[in-house]
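This report refers to the structure that appears directly beneath it.
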2 protein chains.
Amino acid sequence: MANIRDVASRAGVSVSSVSNVLNGRTDQMRQETLVRIENAMLELNYHPNRAAQQLKTGHAKMIGLLVPSIVNPSFAALAREVDLAAKNNHGYRVLLGNTYREEDEEQAFLTDLMSHGVRGVIVVSSSIEKSHFSEAAENGLVMVNYDGSSVTDAESNQILYDSVSMDNRQAGRIAAQYLIDQGCREIAFVTETTRTISRCHKIEGFLALAAEKGMKTHARVIEGKATKAYGDTEMVELGNQLAATIGELPLKPDGIVAINDVLAIGLIAGLRSKGIRVPEDISIVGIDNISLSGLITPALTSVAPPLADMATIMVERLISRLNSPHINAEEFLFTPTLVVRDSVIKRPG
Amino acid sequence: MANIRDVASRAGVSVSSVSNVLNGRTDQMRQETLVRIENAMLELNYHPNRAAQQLKTGHAKMIGLLVPSIVNPSFAALAREVDLAAKNNHGYRVLLGNTYREEDEEQAFLTDLMSHGVRGVIVVSSSIEKSHFSEAAENGLVMVNYDGSSVTDAESNQILYDSVSMDNRQAGRIAAQYLIDQGCREIAFVTETTRTISRCHKIEGFLALAAEKGMKTHARVIEGKATKAYGDTEMVELGNQLAATIGELPLKPDGIVAINDVLAIGLIAGLRSKGIRVPEDISIVGIDNISLSGLITPALTSVAPPLADMATIMVERLISRLNSPHINAEEFLFTPTLVVRDSVIKRPG
DNA sequence: CTGAAAGCGCTAACAA
DNA sequence: TTGTTAGCGCTTTCAG
């Protein structure tokens with residue numbers, strides 16, 4: 001592999017000129033020199049050694065992506081969008097870490113990122129307020145929290161990390177509104193018990209909208225505990241289990257919002273095995289719009305976050321803050337949209 | 001961040017002794033020295049700078065994972081297993097690249113890996129015989145091909161890359177056998193048109209088993225072209241489309257093997273919308289056993305590759321060959337198993 | 001058994 | 001406008 005000296009000597013210039021080209025400092029450079037250097041790079045099939053750049057500058061052209069599990073379709077979709085945004089807009093690559101929502105794994109991944117010279121990481125974790133994150137931040141790791149709470153420093157009253165999420169309250173509202181508009185008169189929000197911030201907001205939005213529509217007493221929350229919190233298998237099992245609960249309810253809902261699509265899929269299967277049809281007996285709206293939702297029967301109507309936009313902003317913020325550490329952390333909220341498919345049916349008023 | 005010199009001075013030894021510890025050359029070292037060094041590391045919370053190691057040694061503690069798209073559940077599952085094997089067995093991390101089965105993207109990813117000091121990559125690509133792979137190999141990149149053909153060098157008649165796949169012929173046989181055992185008398189293999197090696201083998205296995213059971217004239221291949229070859233959405237659409245074809249067949253099959261689970265899911269949806277019930281009218285077996293398959297209705301019976309074992313071997317081979325470049329490439333075939341769920345029904349003989 | 005020192009490829013002062 | 005050079009943190013050879 002050719003190095004910067006090979007390029008310099010081939011172009012008949014010094015290494016610093018080549019380095020200047022590599023780092024975009026070409027404004028002061030004679031056009032002809034630039035061309036010679038660029039040609040030399042091409043001819044030698046030169047690619048700068050990232051490890052060396054990294055050793056020198058302290059950071060790699062990589063960002064970390066910390067997810068509970070890449071097997072969860074929502075996070076896989078996120079990973080794809082992050083990879084695209086990082087690569088196409090900035091020439092960065094993605095180092096992946098599955099943490100199974102375990103602190104040890106999160107901790108270990110953050111440490112590994114640091115040793116690999118990665119200084120920016122997108123974090124999907126419901127416990128970003130924990131100390132391993134603040135320690136990493138102190139060591140110079142820049143973080144963006146996806147779909148989590150924003151954490152405020154007790155002393156400075158300053159947001160600690162960028163936070164990017166879909167407007168979860170809005171998501172809850174959109175789902176509730178659609179069910180009501182389609183004629184549902186007894187609605188329920190079905191969720192896993194553990195209350196992350198984003199779950200709380202979804203529930204709030206759902207209940208608030210129902211109240212505004214005068215359906216306060218006809219909107220409830222139904223919940224159950226999953227064995228593990230990161231996987232899809234467990235969510236589907238929970239869906240099955242909650243379907244049983246719902247089947248035995250004296251007053252059955254005619255419309256359900258599920259906390260996420262995977263739970264919705266489990267619910268549909270569970271309800272069906274109880275002889276309850278979706279959407280004829282109960283309409284269902286999911287949240288997340290995973291790609292499989294369009295593929296099942298009935299195709300699932302779902303509230304979709306604008307993932308590509310969110311990924312773009314996350315990568316952008318990460319890289320800006322790497323270059324200008326003084327930039328204050330901010331919170332970004334994205335408006336979700338409803339993707340209408342077949343799991344909700346119009347009911348007579 | 002503490003560096004090796006800080007550790008050395010804290011422990012009262014030279015940097016080379018610390019380096020010796022880092023690299024496991026402790027056999028000649030006085031126990032007491034070792035302990036002092038280890039303590040110093042702990043006290044300073046020292047983590048070696050990977051970039052520096054890499055610059056020196058030429059390779060990073062990372063492996064690359066090249067997949068068509070992480071959104072495809074089969075590859076997401078693979079990614080998880082690879083991440084686990086790399087991290088837990090060897091302390092390696094995974095650099096992810098989505099290539100959408102495009103040569104440019106594959107090429108770019110391989111180049112980026114090299115510049116990042118990554119010397120080993122797991123490749124999921126149906127075109128590993130193309131020149132961008134052999135060029136990368138010449139530049140010192142070690143590759144393992146997942147679920148692909150093994151490529152033999154024309155001159156040396158030597159396998160070029162390690163290749164790890166499930167025994168695809170076996171997979172086709174298992175699926176066909178199960179359908180026949182359950183009483184199917186007119187079976188079909190449904191697939192996307194493009195013939196990768198692994199697809200060919202599945203079809204071969206399917207047809208061979210049928211022939212052995214005296215059902216040669218009652219086993220056929222039904223195929224259609226997908227718009228794109230990497231996604232799940234397109235596969236599902238293809239499933240829908242092929243369901244229409246099947247619906248109009250004068251002699252309908254009573255058992256179908258789908259080339260993969262996603263296609264199977266599309267088929268089920270498509271058949272259902274044509275009023276054909278699964279499994280009552282047609283039994284279906286998928287291949288790949290993605291986690292979603294257990295979640296749909298009917299839960300899909302599927303032929304499963306032993307992913308975790310395969311990932312373990314792939315990572316192991318990669319790292320062995322990095323350390324001992326003389327090791328010859330080999331081909332590894334893993335036996336699949338049938339995961340029985342609800343999409344196949346027992347028919348009276 | 002331990003230490004000194006060269007150098008991996010690059011960046012960015014600083015000098016010219 | 002371009003060149004010279006120190007040094008980023010580590011590994012490894014060679015001396016002691």
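Throughout, a chain's letter reflects where its sequence line sits, starting with A, and its residues are numbered from 1.
- Within 4.0 Å (heavy atoms only), A/S16 reaches at least one base atom of the nucleic acid.
- When heavy atoms are screened at a 4.0 angstrom cut-off, A/V15 is found touching base atoms of the nucleic acid.
- Between A/N49 and C/dC10 there is no side-chain polar atom (N or O) within less than 4.0 angstrom of OP1 or OP2.
- The existence of a salt bridge linking B/E106 and B/R101 is excluded, since no basic side-chain nitrogen approaches an acidic carboxylate oxygen closer than 4.0 Å.
- Nearest heavy atom pair, residue A/L65 against residue A/L78, reads CD1-CD2, 4.4 Å.
- For B/M29, whose side chain is taken as the heavy atoms from C-beta onward, the closest listed nucleotide among D/dT1, C/dT2, C/dG9 is C/dT2.
- Distance A/Q53 CD to C/dC10 C1': 7 Å, rounded to the nearest Å.
- Using a 4.0 Å cut-off, some side-chain N or O of B/R25 falls inside it from OP1 or OP2 of D/dT12.
- One atom, NE2 of B/H59, and another, C1' of D/dC10, lie 13 Å apart when rounded to the nearest Å.
- Look at CZ on B/R5: it is 12 Å from C1' on C/dA5, rounded to the nearest Å.
- Between B/D27 and B/T57, the residue anchored closer to the 5' end of DNA chain C is B/D27, taking for each the nucleotide with the nearest heavy atom.
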Apply side-chain contact (heavy atoms from CB on, under 4.5 Å) to the pair B/I159 and B/E330, showing each step before the final yes or no.
CA-CA 7 Å; B/I159 298 179; B/E330 285 182 42; 5.9 Å; no

Under the side-chain contact (heavy atoms from CB on, under 4.5 Å) criterion, do A/D162 and A/M143 qualify, and how do the steps go?
CA-CA 7 Å; A/D162 276 331; A/M143 291 183 264; over 6 Å; no

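- The side chain of B/Q28 has C/dC1 as its nearest neighbour among D/dC8, D/dG3, C/dC1.
- With rounding to whole Å, B/I4 atom CD1 is found 16 Å from C/dA5 atom P.
- The distance between atom CG of B/L55 and atom P of D/dT11, rounded to the nearest whole Å, is 11 Å.
- Look at CD on A/Q54: it is 14 Å from C1' on C/dC8, rounded to the nearest Å.
- Remark: B/S17 is in phosphate contact with C/dG3, judged by side-chain N or O atoms under 4.0 Å from OP1 or OP2.
- Applying the 3.5 Å distance criterion, the base of D/dG9 shares no donor-acceptor pair with the side chain of B/K56.
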Check the pair A/R317, A/F332 against side-chain contact (heavy atoms from CB on, under 4.5 Å), reporting the backbone distance first and the verdict last.
CA-CA 10 Å; A/R317 288 291 296 182; A/F332 298 84; 3.5 Å; yes

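- Checking C/dG3, D/dT11, C/dG9 against every side-chain atom of B/N23, the shortest atom distance belongs to D/dT11.
- Between A/A52 and B/S14, the residue anchored closer to the 5' end of DNA chain C is B/S14, taking for each the nucleotide with the nearest heavy atom.
- Residue B/S19 is classed as a base contact, given a heavy-atom separation below 4.0 Å to a base.
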